[in-house]
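Reminder, nothing fancy here: chain letters follow the sequence lines and each chain counts from 1. Here the structure is a predicted model, which means the values were calculated and not measured.
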Amino acid sequence: MITATAAITPLADTAEEFGAALLAGRHVPAEPPDAPAGAAPAAMLTGFDPLRWAADTLPDGPATARRLPRLLRGASLPTATGTCVAARVVADAGLPRDWDARGALVLAGGGLGLAHQAEEHARTASGRGPLPSYALTHQDADVLGAASELLGARAEGWTVGGASAAGTLALVLAARTIEAGWADHCVVIAPAAELSAAEIAAYRRSGAMVPAAQQSGGTVCRPFDAARSGFLYAQSAAAVVVESAAAAAARGRPALAVVAGHAQRLDGVRGTGPDAPGQAAVMRAALSVAGLEPADIGYVNAHATGSVLGDATEARALRTVFDGPSPPRVNSTKALAGHALTAAGLLGVVATVAQLRAGRLHPMPHLSEPVDPELGLVGPVAEPFVPAPALATGYAFGGMNAAVVLTPPAPPARSAGPARPSTPRTPSEEQT
Amino acid sequence: MSDHVTAHPDREEVLAVLRTHLLTVLPDLDPALMVPERSLRDLGANSMDRLDVVVATQEDFGLVVSPGELTEANSLAELADVLAEHRAKGSA
């Protein structure tokens, strides 16, 4: 089960503020006021200050802030943001800082610090640099190292790559790690991915990313809308704590949601194109793991990025799977938060948990002409939602598809005694 | 160790650059602690920090010194002397 969530986005510094911003229909600012004309629209975490963030948002903020200057020396944005969100979820879940042997870290990565790499490439080309520490700081593993040092984690730590599906895939691995009994709790960390000018230009040239702003109202991302023109890059980090029911109960922690199903499928095709059969297959597989039918799903947190081909393909896949008389409601968090790339899937999970708990679904303010009127899309106004099982998806270049089923927590049992310690058990009986 | 038999004439100049880079790497370090007798390790620099300080200092002076030649230098003063000696040789 999920016992804590965290987010650092251009919209908000905590998961609570992020959820509130989504339900209020606020979207990330696309261009900083000083952006040069013709610059690619993007919502950046420029000026993110880990020390101030820690002091403002962590329960033990001042103590953690004192450790950060040395811990994060020379660190890339992914290492700084990943370490910070990890500290926050561990505090919120009530886990001790000195991690026991039953805790694991799972990182959503795969080419996180590309802007950091580009800076060192430029320094090296100019004849100064790189610093020796770049041998470490260019690696995704640096995030795991920094987070493990701050948390005192000495058990397992994994880096899961998978482009824009990485955040969802990391949660899939965490849930399975707990179900199989390899850990009692996992901190799933999706750091902010920082692109360099080359990746931004390539995304724009490929047609996946919104073109430079033409209108005065600022660029917006329009998932599932006829007028969509690509994704809006937004730097954001997210984290969740996933743990066994027994581990959560032992600390008296309530579940925010339960990870009831998880799946991954490949398209078996190299390229950037989406594949409706692969997406349908992964959604059905996640439902099957959860023991649910499509009709049981009340809400889908779609991957939809606002890309012209991707959203149309995803709409077809959703219609294929949810072909019953009352299809689920569907929105895409990217309509408000933009596309956080490797972190997007986990940010969607944080958004899904917030919506399940609030009993409301966030709007898509710029949806005026749905790509498919039968799709059950949430429009420009937030909707009430009677908590029901939800599906959250993440798809990626390379033909990677991932999906998780999140269910509202069961009402607390009336006479629940203290939980037993977590040793031996049957993995298949565990719900994560 | 501080009574290095032959302090290089450029020791103070190199020390100043070493101190600047050490403060970049360890911004929370009290500058008053950076006396010539102390080593980078004493002052809290880990192996990665020490390499960055030494390499950045070499870059400032246009030097390339093999890491092996620097392992014997423990204190800031000794480190500065080795680097100053290399610089003198290079410009000779």
Undergrad: For V55(B), which atoms come within 4.5 Å of any heavy atom of chain A: side chain, backbone, both, or neither?
TA: side chain
Undergrad: I need the minimum non-hydrogen distance between R73(A) and V25(B), along with the two atoms involved.
TA: CG-O, 2.9 Å
Undergrad: Are D60(B) and R128(A) close enough for a salt bridge, meaning some N to O gap below 4.0 Å?
TA: yes
Undergrad: Work out which heavy atom in A56(B) is nearest to a heavy atom in L131(A); give both atom names and the distance.
TA: CB-CD2, 4.2 Å
Undergrad: Passes salt bridge (charged side-chain N to carboxylate O under 4.0 Å, His left out), D49(B) versus R70(A)? Steps please.
TA: CA-CA 10 Å; D49(B) 301 332; R70(A) 290 205 183 184; over 6 Å; no
Undergrad: Measure the CG-CG distance between L68(A) and D28(B) for me, rounded to the nearest 0.5 Å.
TA: 10.5 Å
Undergrad: Among G74(A), G129(A), P69(A), which residue has the highest count of heavy-atom pairs closer than 4.5 Å to chain B?
TA: G129(A)
Undergrad: If you tally heavy-atom pairs under 4.5 Å against chain B, which of P132(A), P130(A), G127(A) wins?
TA: P132(A)
